[in-house]
Amino acid sequence: MTAAIIDGKAFAAKVRGEVAAHVARLKEEHGIQPGLAVVLVGEDPASQVYVSSKGKQTVEAGMASFEHKLEADTSEADLLALIDRLNKDPKVHGILVQLPLPGHLNSELVINSIDPAKDVDGFHISNVGLLGTGQKSMVPCTPLGCLMMLRDHHGKLAGMNAVVVGRSNIVGKPMAQLLLGDSCTVTIAHSRTKDLAAVCRGADILVAAVGRPEMITGEFVKPGATVIDVGINRIERDGKTKLVGDVEFASAAAVAGAITPVPGGVGPMTIACLLANTLTACCRANGLSEPSGLTA
Ligand code: NDP
């Protein structure tokens, strides 16, 4: 292996520490405590794990955590009424509705009912538009975490060739916007891209957000490139359940200059950025200066 490992677990701990220090100052100097409300509808086991982990880390950072667990058959009207209350609650600076929602609920309608200033997931159409036009917005947590790691590793990204594999609204597209915002030359690849390996081999920065276990092998990687693996896939191997990324780690690490592992790469950064976004939203709501280095 030649690649340096970008340690997302350690970096996320550092980000959480910076958030906690800023939260402590807000309390001491202004008597303000940032608050995050997480809404979970139904009992999806993976979502329950995410929500409890978000709540735990919110409290550890010194913020208030408000968990709202609703029955799977909750009506849209009741969910919208809860969001309306949270929008108006001055103790709540961030609102996150855990996705996916049960099928009878319209996710777009629900997400777009969140006050954009409290939309810490950055999925509200206003925030998508603000990011797309290079204005101050709430930025989706996973791509924000990737950007922070890239800036930390490289310093300035201007002029680098970046290829993002995946064009989803939650990862691929916002990731591409953020890299463009940092003056990379950006290509977005997807399932209809011709000769994907050759396209990827043009990348100084290769971001894999495909949802296909270990699809990106060393053959897709330019020697010395930085590889960010967003994928989280559970597979069965040797009779055990294993977590792997969208990148085949061993072959890619033999060629890359730097690479994020799975687990311990992008994953931990996502919740750290959720906390950072809640802090940013709280500072903006109170007309205070934003923490530096924790936003796009
Ligand atoms: P989506 O399924 O929404 O999008 C996948 C994208 O990959 C699509 O744009 C699709 O193209 C493209 N794609 C699929 N197959 C191929 C292929 N053979 N060649 C090229 N492109 C392909 O996934 P998400 O963006 O939601 O998630 C991507 C991965 O990131 C998943 O593994 C997910 O678990 C993980 N993830 C991790 C997070 C974290 O915190 N670390 C957070 C969110 C997601 P097309 O549009 O043409 O269909």
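Note that ligands are numbered from 1 as they come in the structure, with each ligand's atoms numbered from 1 the same way.
In this structure a side-chain-to-backbone donor-acceptor pair under 3.5 Å is missing from N161 to A203. The backbone N or O of T74 lies less than 3.5 Å from a partner atom in the side chain of H104, making a donor-acceptor pair. Remark: side-chain polar atoms of K118 are paired, donor with acceptor, to backbone N or O of N87 under 3.5 angstrom. Side chain of D121 to main chain of F123: no donor-acceptor pair is present (N/O by atom type, distance under 3.5 Å, no hydrogens or angles). Under a 3.5 Å cut-off, the side chain of N286 and the backbone N or O of C282 do form a donor-acceptor pair.
For S251 and E219, the side-chain atoms include no donor-acceptor pair closer than 3.5 Å.
Closest heavy-atom approach to atom 31 (C) of ligand 1 among the candidates P143, G8, G211: G211. Closest heavy-atom approach to atom 6 (C) of ligand 1 within the set C146, P213, C141, G166: this belongs to G166. In this structure, of C200, S168, P140, the residue bringing a heavy atom nearest to atom 25 (O) of ligand 1 is S168. By heavy-atom distance, the residue among S191, G265, P263 lying nearest atom 45 (P) of ligand 1 is S191. Nearest-residue assignment for atom 30 (O) of ligand 1 (options V171, V230, V207, I216; heavy-atom criterion): V230. Taking all heavy atoms of M269, H190, R167 into account, the minimum distance to atom 46 (O) of ligand 1 is reached by R167. When the heavy atoms of G267, A209, A189 are ranked by distance to atom 28 (C) of ligand 1, first place goes to A209.
In the vicinity of L196, heavy-atom distances shorter than 4.0 Å reach the ligand 1 atoms 19 (N), 20 (C). Close approach of ligand 1 to D246 is summarised as follows: ligand atoms under 4.0 Å from at least one heavy atom of the residue are 29 (C), 32 (O). The contact set between ligand 1 and V266, taken as ligand atoms under 4.0 Å from a residue heavy atom, comprises 41 (N). Close approach to N233 involves these atoms of ligand 1, each under 4.0 Å from a residue heavy atom: 32 (O).
Just one of K54, K69, Q48 meets the side chain to side chain donor-acceptor pair (under 3.5 Å) condition when paired with Q98; it is K54.
Protein heavy atom closest to atom 2 (O) of ligand 1, with residue, atom name and distance, is V210 O, 4.5 Å. T270 OG1, 2.8 Å is the protein heavy atom nearest to atom 40 (O) of ligand 1. Nearest protein heavy-atom neighbour of atom 26 (O) of ligand 1: I170 CD1, 3.5 Å. Nearest to atom 15 (N) of ligand 1 among the protein's heavy atoms is R212 NE, 2.7 Å. Shortest contact from atom 34 (O) of ligand 1 to any protein heavy atom: I232 O, 3.3 Å. With respect to atom 42 (C) of ligand 1, the closest heavy atom belonging to the protein is T142 OG1, 3.3 Å. Atom 17 (C) of ligand 1 has its closest protein heavy atom at M215 SD, 3.8 Å.
Taking any N or O of G172, backbone or side chain, none lies under 3.5 Å from an N or O belonging to ligand 1.
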Stepwise side-chain hydrogen bond (donor to acceptor under 3.5 Å, both in side chains) test for T142 and T270: CA-CA 5 Å; T142 299; T270 297; 3.1 Å; yes
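V221 and V262 are members of different hydrophobic clusters when ILVMFWY side chains are connected at heavy-atom separations under 4.5 Å.
Rounding to the nearest 0.5 Å places CD1 of I6 at 8.5 Å from CD1 of I259.
Contact annotation: the side chain of S289 never approaches that of C283 to less than 4.5 Å [non-hydrogen atoms, C-beta and beyond].
The nearest protein heavy atom to atom 13 (N) of ligand 1 is closer than 4.0 Å.
Within a 6.0 Å sphere centred on CD of E71, other residues, nucleotides and ligands contribute 12 heavy atoms or fewer.
Across all non-hydrogen atoms, the minimal contact from L206 to F220 is CD2-O, 3.8 Å.
Under 4.0 Å from ligand 1, not a single heavy atom of T193 appears.
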